[in-house]
Amino acid sequence: MELTRKQMLKLMGATAAGSVAASLTPSAAGAAAPAAGTPRVIRRDVCVIGGGSAGTYIAVRLGDLDRSVVVVESTGRLGGHAETYHDPETGGTVDIGVVVFEDNPLVRRHFDRFGVELAPIGGPGGATSYVDFRTGRPVDYTPPAPVALPRYLELISQYGPIDTVFDLPDPVPHDLVAPFGDFVEKYDLGSIVPLVFNYGQGLGDVLGLPALYPINTFGQGVVRNILGGSFLTTAARNNSLLYERATAHLGENALLSSRVLRVDRSGTGVRVLVATPDGPCLILAKKLVVTAPPLPRTFTGFDLDGHERSVFGQFISGAYYTGVVRLSGLPDNLSLDNVAAGTPYHLPPLPGLYGTSPTGIPGLFNVKYGSPSPLSEDRVRRNIRADIERVAAAGTHPLRFEELEVFKSHTPFELHVRPEAIAAGFYRRLNALQGRRHTYYSGAAFHSHNSTRIWTGAEALLPDIAA
Ligand SMILES: Cc1cc2nc3c(=O)[nH]c(=O)nc-3n(C[C@H](O)[C@H](O)[C@H](O)COP(=O)(O)OP(=O)(O)OC[C@H]3O[C@@H](n4cnc5c(N)ncnc54)[C@H](O)[C@@H]3O)c2cc1C
């Protein structure tokens with residue numbers, strides 16, 4: 001559905017269904033409807049942009065608070081980074097996006113309300129072979145016991161819940177702005193680096209990033225769940241169940257495969273013009289909640305002011321890709337972990353594979369690939385195959401790459417800003433946008449790449465959004 005600019009402006013100016021329809025059908029009754037179709041007007045308390053973890057949670061909870069809501073989601077499904085592969089041959093499922101949740105009353109309540117059973121994640125099981133995917137050669141490596149974990153927890157606790165909201169001390173402590181590698185050296189935390197790297201897949205150059213980001217991802221909640229062995233996942237190994245049931249719950253209030261064309265926040269509320277598969281619709285809401293990644297491209301058509309533009313324009317995106325590969329010749333319970341010979345802490349340089357891991361389905365392995373910046377999807381597909389085939393070519397494992405069954409780009413990922421921006425108060429300016437111009441923000445860039453933290457952070461915003 002394409003609208004001309006003139007049609008869009010007319011629609012944005014209309015305030016009632018009748019006048020919206022009239023703006024598109026100016027001629028006498030019976031005249032052919034314009035190609036764009038007759039727009040609907042939807043009036044709600046809140047319009048949520050993006051139906052991933054944050055957007056879905058906020059929409060459901062606003063309903064609990066007796067607020068009417070509509071979610072605008074650009075893809076054909078809710079869930080965003082939570083995604084599940086269904087193997088057509090065995091009927092088995094593989095969560096190729098979000099896997100674990102912290103054991104937390106809010107998590108249990110959210111899954112409970114949709115009748116989705118949770119279970120302990122359990123240990124990794126099986127065996128691990130350490131391979132340098134640059135050469136395909138095995139590496140003689142044993143991961144260090146993470147003995148520094150309790151000390152790390154104590155150190156990061158001084159900053160408060162910065163895994164939930166980037167509410168940083170003023171001035172921002174140098175330790176958070178300096179590279180995480182410096183933090184590790186200063187406090188002798190080398191034993192936890194491989195754990196932070198692997199838990200923080202998608203972070204990119206963990207040692208080179210400002211320490212704020214690894215500490216945000218590998219935060220207090222995560223460390224407590226590691227120490228307590230309490231991480232949860234769905235008993236059915238299908239996290240998408242949560243989002244399928246939330247989609248049914250939201251019904252016509254979830255506008256899927258829909259695209260924001262214009263946002264106008266100049267009046268007493270917000271007006272959002274959306275292209276939906278059923279034609280254009282104009283949402284008139286009191287408040288807007290943006291949960292899609294806050295990059296300039298998300299805000300195409302928005303009436304951003306200079307302040308908003310200057311804040312969102314500073315975000316830099318990392319990149320994270322996942323998939324399921326069919327391999328023959330590799331034991332079904334064997335993981336291949338990428339560790340590098342001759343690098344600090346044996347961390348593999350990125351772009352590169354994090355590794356392959358068993359899925360529980362014979363012949364199928366989960367792959368994860370990271371890059372400090374976005375790459376073309378074709379290049380990543382080729383690299384995944386080449387990295388794995390190098391292992392066979394080096395004679396390390398007699399495997400054969402049969403097929404990339406499914407491939408998903410989870411990019412943009414891990415939005416971050418330069419250290420100077422953090423020091424200059426970027427996150428104070430970002431948080432000051434909450435509530436400004438009838439607009440609130442949630443999602444990983446405002447909390448953490450962690451659904452438990454996102455939902456916890458969203459709960460703190462809900463009273464203001466619902467007010
Ligand atoms: C492979 C992978 C594994 C992960 N594992 C875990 C895990 O085990 N545990 C955990 O807690 N977290 C995990 N995460 C982190 C995960 O990112 C967060 O938990 C959470 O899902 C992020 O939610 P979000 O709502 O911020 O973003 P998303 O889930 O990305 O949701 C944003 C939504 O907005 C939509 N959108 C984008 N642009 C627009 C637009 N212009 N208009 C309308 N809609 C738009 C997107 O389609 C998407 O549905 C993982 C992430 C990945 C990629």
Side-chain angles (χ1 to χ4, degrees), residues 47-59 70-85 94-104 107 110 121 163-164 198-203 216-219 221-222 225 231-234 239-240 242-243 246-247 254-261 263 272 274-276 283 288-302 317-324 354 357 366-370 406-415 441-458:
C47 172
V48 178
I49 310 293
S53 171
T56 304
Y57 184 85
I58 287 171
V70 62
V71 180
V72 180
E73 165 57 42
S74 57
T75 70
R77 53 179 281 280
L78 298 182
H81 289 314
E83 197 161 14
T84 308
Y85 172 70
V94 185
D95 282 319
I96 57 171
V98 175
V99 177
V100 299
F101 302 88
E102 295 175 23
D103 188 359
N104 173 306
V107 168
H110 192 44
I121 183 82
D163 55 354
T164 306
N198 279 306
Y199 183 87
Q201 287 186 1
L203 271 176
N216 166 261
T217 302
F218 199 75
V222 166
N225 276 266
F231 273 125
L232 300 169
T233 192
T234 54
N239 287 330
S240 296
L242 181 73
Y243 292 96
T247 308
L255 301 180
L256 304 180
S257 305
S258 297
R259 190 162 52 92
V260 173
L261 300 171
V263 173
V272 184
V274 178
T276 79
I283 299 166
L288 185 69
V289 181
V290 178
T291 69
L295 288 169
R297 70 170 181 255
T298 292
F299 295 106
T300 306
F302 277 59
S317 173
Y320 192 22
Y321 307 86
T322 70
V324 173
Y354 286 104
S357 56
N366 194 198
V367 284
K368 297 278 197 310
Y369 190 96
V406 63
F407 171 79
K408 288 289 159 128
S409 167
H410 289 272
T411 306
F413 197 79
E414 184 58 29
L415 301 192
Y441 303 86
S442 183
F446 288 82
H447 309 295
S448 174
H449 268 289
N450 174 329
S451 284
T452 313
R453 297 293 117 208
I454 288 172
W455 300 340
T456 306

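In what follows, every heavy atom counts, from backbone to side chain, and hydrogens, waters and symmetry copies are set aside. We count ligands from 1, going down the list as the structure has it; atoms in each ligand are counted the same way.
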Let me know which of Thr276, Val274, Leu288 forms a side-chain contact (heavy atoms from CB on, under 4.5 Å) with Val72.
Val274
Non-neighbouring partners of Thr247 that pass side chain to side chain donor-acceptor pair (under 3.5 Å), sequence neighbours left out
none
Which label fits Trp455 and His110: parallel for a plane angle under 30°, tilted from 30 to 60°, or perpendicular past 60°?
perpendicular
How long is the straight-line distance from OG of Ser53 back to CG of Asn239, given to the nearest 0.5 Å?
10.5 Å
Exercise answer: donor-acceptor pairs, residues 295-302 side-chain atoms, under 3.5 Å, sequence neighbours excluded:
unit_1, atom_1, unit_2, atom_2, d
Thr298, OG1, Pro293, O, 2.6
Thr300, OG1, Arg297, O, 2.8

Kindly tell me which protein residues have any non-hydrogen atom under 4.0 angstrom away from an atom of ligand 1, grouped by chain and ordered by number?
Ile49, Gly50, Gly51, Gly52, Ser53, Ala54, Val72, Glu73, Ser74, Thr75, Gly79, Gly80, His81, Ile96, Gly97, Val98, Val99, Val100, Ala292, Pro293, Tyr320, Thr322, Lys368, His410, Phe413, Gly443, Ala444, His449, Asn450, Ser451, Ile454
Could I get the full list of salt bridge (charged side-chain N to carboxylate O under 4.0 Å, His left out) partners for Asp103, not counting sequence neighbours?
Arg108
